[in-house]
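Please read the structure below before turning to the comments.
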Number of protein chains: 4
Amino acid sequence: MAKGVNKVLLLGNVGKDPEIRATAGGTQVASFTLATADRAKDAQGNWADKTEWHNLVAFNRTAEIVRDYVKKGTQLYIEGKIQTRSWDDKESGQKKYRTEILVNEMTLLGKPGEGGGSSGGGYSKSNTASYDQRTPASSSQPDYADTGITDDDIPF
Amino acid sequence: MAKGVNKVLLLGNVGKDPEIRATAGGTQVASFTLATADRAKDAQGNWADKTEWHNLVAFNRTAEIVRDYVKKGTQLYIEGKIQTRSWDDKESGQKKYRTEILVNEMTLLGKPGEGGGSSGGGYSKSNTASYDQRTPASSSQPDYADTGITDDDIPF
Amino acid sequence: MAKGVNKVLLLGNVGKDPEIRATAGGTQVASFTLATADRAKDAQGNWADKTEWHNLVAFNRTAEIVRDYVKKGTQLYIEGKIQTRSWDDKESGQKKYRTEILVNEMTLLGKPGEGGGSSGGGYSKSNTASYDQRTPASSSQPDYADTGITDDDIPF
Amino acid sequence: MAKGVNKVLLLGNVGKDPEIRATAGGTQVASFTLATADRAKDAQGNWADKTEWHNLVAFNRTAEIVRDYVKKGTQLYIEGKIQTRSWDDKESGQKKYRTEILVNEMTLLGKPGEGGGSSGGGYSKSNTASYDQRTPASSSQPDYADTGITDDDIPF
DNA sequence: TTTT
DNA sequence: TTTT
């Protein structure tokens, strides 16, 4: 039984093609960003669109679905939990934080240029993205390689 | 401050064109059904789709958006609360119950035959349904007319 | 991957001691009611408390936790899904519906007369209710016996 | 109508007495942390408690309720949205990010050492924290003063 | 039928 | 930094 609640619900569009990796032990990891649009009043009292960007991460089977069906622009509904990782930045010596959403459930809603969104979770089966195990040569964002994460650290 | 939590999140497709009414005082009321698809194991242990139907009701500005943009087949995300109304059935003398979702927030995701679902909340502005104040001549479902609901009964 | 979303979040108090049964196959089933309090404006425009009652059902391990820790008055947070069962009433010949929340996750928050609520999932370990496999001799509410539900019908 | 969904649900315990400020225009701002407890399998496959910390911020009336009723240890349920602010750190010249939950709704569940948690929104009325308009003399965390936020920037 |  |  859960002792607390840490739940996030997001519906928005994927910012870039997801980045797919695997841990040393073969666990699939998908990282991507999601933009959620909101209407909020600006300083002048006018309604203006405001976009919030979220860092998402998915593991295992969910990562494979991301790999195969999620691309830049895909409209997604996800449920997940908030996690904040921290590390000491080698250059500045400062403590840095990165907040991510660990995706537990996902519903694909569509992608620009396709009629997919209307079909009740629809997406083209031909959407399959190729598998990409590259680790980016250099990344200003901390990733699991940088932080020395291994399969043993994945908590499920 | 809320004393409790009663929150519902649904993502699915609208079953029929919504029914739009107005109370005597002019409050717009939209009623419609939403199907949510689920994958569940059947008696034989196979994964099978299972559809759950929900009765939704929206008031005021939300009802107008339903009237103008929601049709049979529209894919919707909604947030709302559960409400169960009860009344004594005149024919059988039995107490009857009807559970509805009062819609507080709504995001349109698309409609079959249009590319709308993919555009981040997209829908065609030309989608406008005409206003329909008819009360169905006969309805086996209790509706607000049947139960004598007036503007004074609307709790907000 | 889910094709739709059907999610309910409730926080409130349990109305009566839960009713515990087992199916012929030994699956534990717990049924109970939960009251969620809300503040809403009444017909006169005054804020008034309004209570909504929900029918909850839990299976397996969750049912056992209900059996052991949940009593009349317990404050609970639950996540679940909406399900509406229907059957033909033998007396009136009418179709009847019963909407229930199938509980997936549960967090115990406290019980009147105990300090439990403050303890982050707190409840007295001595709270253990005795196991009750009785099926109520007569029930005006449709239950799983009435509707002929067997283990094979339980969809997970 | 919302164009996207950005919703967070948290149930946990407050880490420290909230920090209360007011903007130049008199808008109340409450900042506090919330710990959500989770059970997760560790590297050895054992279930272990894991605590996630969240930065919460509340404005206006909600900030006043926080000021008056929320203290270190209070058990809270909140709904809100994720917001990430960024700024250029003056010392290191690096871009820094801070993710916060903007609290929209709140339900107080209890506080250690009181029976409050069981009372359906219970808390001692005598809990009233004194109003604290101090801005911390020095803070390594960016706050609204640091980032030059004024009333005009508050988007509602 | 809960709770304050 | 909370809580059990």
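Lettering follows sequence order; numbering is per chain, from 1. Just so it is clear, the structure is predicted and the values come from calculations on it, not from any experiment.
- Atom OH of Tyr97(B) is separated from atom C1' of dT1(E) by 11 Å (rounded to the nearest Å).
- Looking at heavy-atom distances under 4.0 Å, Thr36(C) makes no contact with the nucleic acid at all.
- Remark: P of dT3(F) and CG of Leu76(D) are 13 Å apart, rounded to the nearest angstrom.
- Here the side chain of Glu52(A) pairs a donor or acceptor atom with the backbone of Thr84(D) at under 3.5 angstrom.
- Residue ring and nucleobase are stacked for Trp53(D) and dT1(F), with a centre distance beneath 5.5 angstrom and an angle between planes beneath 30°.
- Remark: C1' of dT3(E) and CG of Asp38(C) are 14 Å apart, rounded to the nearest angstrom.
- For the pair Asn13(D) CG and dT3(F) P, the computed distance is 6 Å after rounding to whole Å.
- Between Leu34(D) atom CG and dT3(F) atom P there is a gap of 12 Å when expressed in whole angstrom units.
- Protein atom NE2 of His54(D) is 17 Å distant from nucleotide atom P of dT1(F), rounded to whole Å.
- No donor-acceptor distance shorter than 3.5 angstrom exists from the side chain of Asp17(C) to the backbone of Lys71(C), with no hydrogens or angles considered.
- With rounding to whole Å, Gln75(C) atom CD is found 10 Å from dT2(E) atom C1'.
- Following rounding to the nearest Å, Leu108(D) (CG) and dT4(E) (P) show an atom-to-atom distance of 14 Å.
- Closest contact between the side chain of Lys3(B) and the listed nucleotides dT1(F), dT4(E), dT2(E) involves dT4(E).
- A salt bridge links Asp49(D) with Arg39(D): the distance from a Lys NZ or Arg NE/NH1/NH2 to an Asp or Glu carboxylate oxygen falls below 4.0 Å.
- Between the side chain of Thr107(D) and the backbone N or O of Ala2(B), at least one donor-acceptor pair lies under 3.5 Å.
- Among dT4(F), dT4(E), dT2(E), the nucleotide with an atom closest to any side-chain atom of Asp49(C) is dT4(E).
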